[in-house]
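In what follows, residues are counted from 1 in the order of the sequence shown.
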Amino acid sequence: MPEVLLEVRDLVVSYGAVRALDGVSLSAAEGGITAVLGANGAGKTTLLRAVSGLLRPRSGRVLLDGRDLRRLPAEEIARLGVAHVPEGGGVIAELTVEDNLRLGGLWRREPAALRDQIAQVYELFPPLRERRGRQAATLSGGERQMLATGRALASRPRLLLMDEPSLGLAPRVAAQIMAVLRRQRDERGLTVILVEQNARSALSVADRAVVLNLGTIAAEVEQGQAIDDRLRHAYLGF
């Protein structure tokens, strides 16, 4: 049975008087893809930001290999192998494609290893190789998402946090992103937390899923488990 890499226990995150997460607990097995599903306002993005250190929880624990991340700065969490791709990608538009990828692995300080990682990103996303010298500002929305994902992968993470990677993309490009996540899981054991509103897309690659509703876990679904009509209509939109 796979080891648990990430464990979230009784996590509470508040924005003023509003609890965005209210006692959320979940775990992610090493080398698996866990989808986090739910409507807008369910707390999905807040969960990722709390794991990556961009938000401080009010209470609860976030454990990576048993180590509590709550008090660590975001840059230290990144050095422990956590990469976060926010909604919209967040690439640096003024830099070239290659410079964006170099930033992803800058902290590793291993030039040869970083070159190898960037070469692997180009293999995963051939359009980026063709545009390596162009500014990210000139890329299409789909290419920017490829670049954001590739920049995260260039850091050789153990845990990849993906926030709405298919948002606004053509179905073909969204499918390519999902295929890359599946390949990284299968070939090198990458652990992924995949936040998505597109439940069909996420469930096509996920090993398991949790459904958030108004800051709490509404349901958990294991791979191959049938999704009842109540859950589908209430939370998943299909």
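Atom-to-atom distance recorded for Leu6:CG and Glu30:CD is 11.5 Å, nearest 0.5 angstrom. Taking CG of Leu63 as the reference point, atom CZ of Arg9 lies at 5.0 Å (rounded to 0.5 Å). Put simply, CG on Leu11 and CZ on Arg61 are 12.0 Å apart, with the number rounded to the nearest 0.5 Å. Met162 contributes atom CE, which lies 3.5 Å from atom OG1 of Thr149 (distance to the nearest 0.5 angstrom). Once rounded to the nearest 0.5 Å, the distance linking OG of Ser166 with CG of Leu194 reads 8.0 Å. The CG atom of Leu167 sits 11.5 Å away from the OG atom of Ser201 when rounded to the nearest 0.5 Å.
You'll find the side chain of Leu212 reaches within 4.5 Å of the side chain of Val24, heavy atoms only. Side-chain contact between Lys44 and Asp163: absent, with no pair of heavy atoms (C-beta onward) separated by less than 4.5 Å. With contacts defined as side-chain heavy-atom distances shorter than 4.5 Å, the pair Arg132/Leu101 does not qualify. Side chains of Val180 and Gln184 form a contact here, defined as non-hydrogen atoms less than 4.5 Å apart. Residues Leu47 and Leu26 form a side-chain contact, since some pair of their non-hydrogen atoms from C-beta on lies under 4.5 Å apart. Side-chain contact between Gln117 and Leu153 is absent, with no heavy atoms from C-beta onward closer than 4.5 Å. The shortest distance between side-chain heavy atoms of Gln145 and Val85 falls below 4.5 Å. Residues Met146 and Leu139 form no side-chain contact, since every pair of their non-hydrogen atoms from C-beta on lies 4.5 Å or further apart.
Listed for the Gln135 side chain is a donor-acceptor partner under 3.5 Å among the backbone atoms of Glu94. In terms of modelled atom types and a separation under 3.5 Å, the side chain of Asn100 and the main chain of Ala148 share no donor-acceptor contact. Using modelled atom types, one side-chain atom of Thr191 and one backbone atom of Gly31 make a donor-acceptor pair closer than 3.5 Å. Although no hydrogens or angles enter the test, the distance criterion places no donor-acceptor pair under 3.5 Å between the side chain of Arg188 and the main chain of Arg156. With hydrogens and angles ignored, the 3.5 Å screen pairs a side-chain donor or acceptor of Arg144 with a backbone N or O of Ala137.
The same ILVMFWY cluster, assembled from side-chain heavy atoms under 4.5 Å apart, contains both Leu124 and Ile33. Follow the hydrophobic side-chain contacts under 4.5 Å out from Val4 and you never reach Val51; the two are in separate clusters. Linking ILVMFWY side-chain heavy atoms closer than 4.5 Å, directly or via other members, places Leu5 and Leu80 in a single hydrophobic cluster. Ile177 and Tyr122 fall within the same hydrophobic cluster, where Ile, Leu, Val, Met, Phe, Trp and Tyr residues are linked whenever their side-chain heavy atoms come under 4.5 Å apart, directly or through other members.
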(message) For Leu181 and Leu160: C-alpha separation, side-chain torsions, deciding distance, then whether side chain to side chain contact (heavy atoms under 4.5 Å, CB included) applies.
(response) CA-CA 9 Å; Leu181 297 182; Leu160 177 62; 3.8 Å; yes
(request) Run the numbers on Leu72 and Arg67 for side chain to side chain contact (heavy atoms under 4.5 Å, CB included), then give the verdict. (result) CA-CA 10 Å; Leu72 298 180; Arg67 179 174 181 176; 4.0 Å; yes
(request) Output, in order, the C-alpha distance, side-chain angles, deciding distance and verdict of side chain to side chain contact (heavy atoms under 4.5 Å, CB included) for Arg49 and His84. (result) CA-CA 8 Å; Arg49 289 172 62 84; His84 185 176; 4.0 Å; yes
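A salt bridge is absent between Arg79 and Glu75; no separation between the charged side-chain nitrogens and carboxylate oxygens falls under 4.0 Å. A salt bridge does not link Glu143 with Arg134: every distance from a Lys NZ or Arg NE/NH1/NH2 to an Asp or Glu carboxylate oxygen is 4.0 Å or more.
Here the shortest heavy-atom pairing between Leu159 and Leu190 reads N-CD1, 4.3 Å. Closest heavy-atom contact between Tyr15 and Ala20: CE1-CB, 3.3 Å. The shortest non-hydrogen separation linking Ser25 to Ile217 is O-CG1, 3.9 Å. Across all non-hydrogen atoms, the minimal contact from Ala119 to Arg129 is O-NH2, 4.5 Å. The shortest heavy-atom contact between Val13 and Pro57 is CG2-CA, 3.9 Å. Between Pro165 and Met178, the shortest heavy-atom contact is CG-CE, 4.1 Å.
With sequence neighbours left out, Asp65 forms a side chain to side chain donor-acceptor pair (under 3.5 Å) with Arg158.
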